[in-house]
Amino acid sequence: MNDRYDPQQIEKKWQEHWEQEALFKVSTDPSLPKFYCLEMFPYPSGRIHMGHTRNYVIGDVIARYKKMQGFNVLHPMGWDAFGMPAENAAIKHGVQPADWTYDNISLMKAQIKKIGLSYDWDREIATSDPEYYRWNQWFFLKMLKKGLAYKKSSFVNWCPSCETVLANEQVISGLCWRCDTTVTQKEFDQWFFKITSFADELLKDCDSLSGWPERVVTMQRNWIGRSEGVEVEFKVEGADEAIKVFTTRQDTLYGATFVSIARKHPLVRKLVNDKKIMARIEALSEDPGGKEGVFTGSYAVNPLNGERLPVWASNFVLMEYGTGAIMAVPAHDQRDFEFASTYGLPVKVVIAPPPLCFAKRSSGGIRGQAITKAYEDDGVLVNSARFSGLRSDEARSRIAEFLEKEALGRRVVNYKLRDWGISRQRYWGTPIPVVYCDSCGIVPVPEDELPVILPTKVPVTGTGIPSLSEIKDFTGTRCPSCGGTARRETDTMDTFVDSSWYFLRYCSPKTGDRPVDPEAVSYWMPVDQYIGGIEHAVLHLLYSRFFTKVLKEIGIIAYGEPFKRLLTQGMVIKDGAKMSKSKGNVVDPDYLITKYGVDTVRLFCLFAAPPEKDLDWSDQGVEGASRFLSRVWTLVHRHHALLSGREDTQNIFSQMSSRASGLLRKTHQTIKRVTNDIERNYHFNTAIASLMELVNEISACTPSEADDTKLLRFSIRQCVLLLSPLAPHIAEELWSALGHDRSILHEAWPVWDEKLTMEDEIELVIQINGKLRSRVMIHAGLDDDTVKERAFNDPKIAGLMKGKTIKKVVVVKGKLVNIVV
RNA sequence: GCCGCUGUGGCGGAAUUGGCAGACGCGCACGACUCAAAAUCGUGUGGGGAAACCCGUGUCGGUUCGACUCCGACCAGCGGCACCA
């Protein structure tokens, strides 16, 4: 054994060993309990960064830990290989997007392999592989048949920089999720997935996601945005039209003073004949800041009280939500209030705050004073005819009932969630498998003609890549229905389609005749632990849940939720900011691995913070991690002669020095702590801290009595076993130095003996009135009276107690005595 | 504006159920080894104070024998949503 820890030498050796022994290859084996551990697969940008490293290391520790616990562990890796950057790189460097992508994959794979991750590389997939994306096309056809995929023209989000449309989830605060360009609206004919027909199920099943961080579940619930209300028809005076309005506040119906409809509402054209008015409506600002509107000249009738309400076209009513029209109640809706104030429209109070003592904020208005802002809370109805005097919640159901009975309206549920637009006007993606025929219209490509292959040799120029529509070999085809000439759909699919089911493909990546092998999927799924960034809280995670539900409906899989537990790891921060090229605070994993060895990098990533929190990068902290591993190495080296080649059959120690018996207890306590820290939300930082304590204690121990050596051997072995998922290379090397032939991965995870974790002496804390006054060592397990006696006998306490009367004495077993005077 | 999360030494972070605040590490200081330095090892390290002691988990209040932990109000920082009717 070398006297110095040399990570470069041992890491390479063990990585080769693992590969030769095929240690991470797994197969379906129903006789074994399974564990599916998955990290979000990367986009092959070319280089691994610290965020990837942290993500994969966390997953690797979990996978190795579960394997040692006897689970059959599926731990795969692959590539989210379609997407824009390949096109940009192609333009910049004059290469084929496909070549660029596959080159990056091999570069990144080599980098990832240096981290020593326990992947079954036989299951590697790349979404740009025709054998993968053909199933995207296959799912699309199934969904088309079921009416879950459809084409429609609508205003959609357009990113001028990416030159493609974006789904709602992909617009973050008005900016493109990928390039931060301001998104505009553009009318497009495009394909949608009907995610809204699963809105209720997606929402309801949020309740079952107990293994997910609560905030992610909340974000999904909010995104789906279910709200219950009523649709009410307001007849247009003097016309054969009615304006359908959606509201959740039917209790404020009597307070409506005007009706407001979206600029793009189809009724606008019908109601407005005056060209001047029409021009003013069209000129309304798109800026969501200021509320603007134009009186259409028409009036609508409130179905409850027959009042005439002016109809306004305004810029703050969304066409996409509800019915695209609202009843405006300025007294009880802040937006309507602002609008009414601007245009001098009346304000009519119909909800009075509950008795004053409960009112949070009163904004006046009850006795005719001018109000300063809308009262939006619930209260008691006033000025509402037969409904006056009811509480808001009661009034909502009574009015809804009444509207339904009189056929004036009906109860409805609305969602904020919109259908998922999946067409992308880009080259590097999955071709959408339909053709357009002049006589037959839209015709799906027959299943047996899949995959529709994306051409991988395209004319790349310095200014751009042609869209598929410009590649004649691709577009020209014949109609599968009539055999006549036809042209292919030239939009490709959103890459989020690719990542919505890749975790299923890993279960049987080579299955050729169908997307997944049902047996493999029913054994491995769902994913037991999924790990990735919080940025996908709605995007990828929502789409994957949707896809899972669709696949269940199609009959491919039997369950409805893909990810049992989710861990959203924090960002890697340096100098107070997320690592980025522009900030110049990037730390290169490769450089660190060369300098310190990957075990050090792994250990630091795990030790510096619990996985869900941001990790503050510290170069000195890395030194500390490196120092710790060297200390473990030195420790084994120091006792090497005593330790190697002996395997104790039983760990019973009768003759021990007192120091050694303390070490036995510490060892069992450490096994317990490390195990519990991993089980309890993967808190590797505290697990490592307790391992450090154990190493410190072993280092302080010099064997003297007969069994001391045996115990030392036991403690060091346990220590190496506990360290092995965290820093696997050094653990393997030390394990072999300790005289073992086979990989430490075959060893069982250590178990502790609860009896041996108990302290036989404890430090009793003595408080007077809750303040710490003294401490005394006592035997564990003494009864309360004896403990009290010991406390009062303590000279310091006796002195302080002089002349005081005892009111009460509280004894907490094994911990403290509090004397109240 | 609404919803959510987080506030603990010089720094990263600990503290199972309300029971010794600051585990472990970094940094710093001193010491050993060395001609010297690095590395390594050892000791110390929340603040104040010579000490006894006092103060201390964002702020203020409450519950309790006892509060980083529970309750109420507020302040600060971060994140999500933002005309969703």
Side-chain angles (χ1 to χ4, degrees), chain A residues 4 172-174 213-223 225-227 229 245-250 252 260 262 287-291 314-318 320-329 332-336 338-339 373 376 414-418 534-535 537-538 571 573 603-604 607-610 612-625 627-628 630-631 634 673 676-677 680 683 685-696 699-700 763-775 807-821:
Chain A
R4 275 200 103 110
I172 314 288
S173 309
E214 190 52 45
R215 63 176 179 142
V216 175
V217 181
T218 305
M219 279 164 80
Q220 294 224 346
R221 283 199 183 103
N222 292 344
W223 189 261
R226 181 191 151 99
S227 56
V245 147
F246 174 72
T247 180
T248 58
R249 290 300 303 272
Q250 57 271 27
T252 64
S260 192
D287 168 32
K291 291 176 181 53
S314 55
N315 68 346
F316 77 97
V317 176
L318 301 173
E320 304 83 44
Y321 184 79
T323 57
I326 60 160
M327 62 168 200
V329 186
H332 305 293
D333 183 293
Q334 186 58 23
R335 294 159 301 182
D336 299 343
E338 284 165 27
F339 192 87
K373 64 176 185 182
E376 295 186 316
N414 259 312
Y415 297 93
K416 222 183 78 157
L417 183 72
R418 316 271 165 71
I534 185 80
E535 66 273 19
V538 234
M571 290 185 298
I573 304 284
L603 200 77
F604 176 73
F607 181 61
E612 73 280 4
K613 287 182 71 173
D614 286 350
L615 185 155
D616 217 345
W617 191 265
S618 149
D619 293 333
Q620 282 153 343
V622 181
E623 300 269 358
R627 209 171 300 160
F628 170 69
S630 292
R631 289 213 338 266
T634 312
R673 273 198 64 187
N676 288 344
D677 285 349
R680 182 173 56 101
H683 278 202
N685 56 331
T686 48
I688 293 168
S690 56
L691 266 177
M692 286 170 166
E693 284 184 54
L694 178 63
V695 169
N696 290 343
S699 302
E763 194 182 43
L764 180 74
V765 168
I766 309 168
Q767 299 179 330
I768 296 175
N769 287 344
K771 293 216 176 219
L772 176 70
R773 287 298 175 232
S774 184
R775 301 164 212 251
K807 266 200 201 150
K808 191 174 167 185
V809 180
V810 183
V811 180
V812 180
K813 269 224 166 11
K815 278 184 181 145
L816 63 73
V817 173
N818 187 17
I819 305 162
V820 189
V821 295

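In what follows, chains are A, B, ... by sequence order, proteins preceding strands, each numbered from 1.
Scanning for side chain to side chain donor-acceptor pair (under 3.5 Å) contacts around A:N696 gives A:R631, with sequence neighbours left out. The side chain to side chain donor-acceptor pair (under 3.5 Å) test applied to A:R673 returns no partner, not counting sequence neighbours.
Between A:V820 and A:V809, every side-chain heavy-atom pair lies at or beyond the 4.5 Å cut-off. The side-chain heavy atoms of A:Y415 and A:S227, taken from C-beta on, include no pair separated by under 4.5 Å.
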Dot-bracket for RNA chain B: what is it, with Watson-Crick or G-U pairs under 3.5 Å, [ ] where a pair crosses earlier ones, and | for a pair to another strand?
(((((((..(((......[....)))((((((.......))))))(((....)))..(((((..]....))))))))))))....
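Residue A:R773 has no polar side-chain atom (N or O) positioned under 4.0 Å from OP1 or OP2 of B:A52. A sub-4.0 Å separation between OP1 or OP2 of B:C41 and a side-chain N or O of A:R627 is absent. Distances shorter than 4.0 Å separate some side-chain N or O of A:N685 from OP1 or OP2 on B:A14. The side chain of A:S227 contributes an N or O atom lying less than 4.0 Å from OP1 or OP2 of B:A85.
Proximity note for A:N696 (side chain, C-beta onward) versus B:G13, B:C65, B:G25: the nearest is B:G25.
Two residues, A:N414 and A:E693, neighbour RNA chain B, and the one matched to the more 5' nucleotide by heavy-atom proximity is A:E693. Closest-nucleotide positions on RNA chain B for A:D616 and A:V317 were compared, and the one nearer the 5' end corresponds to A:D616.
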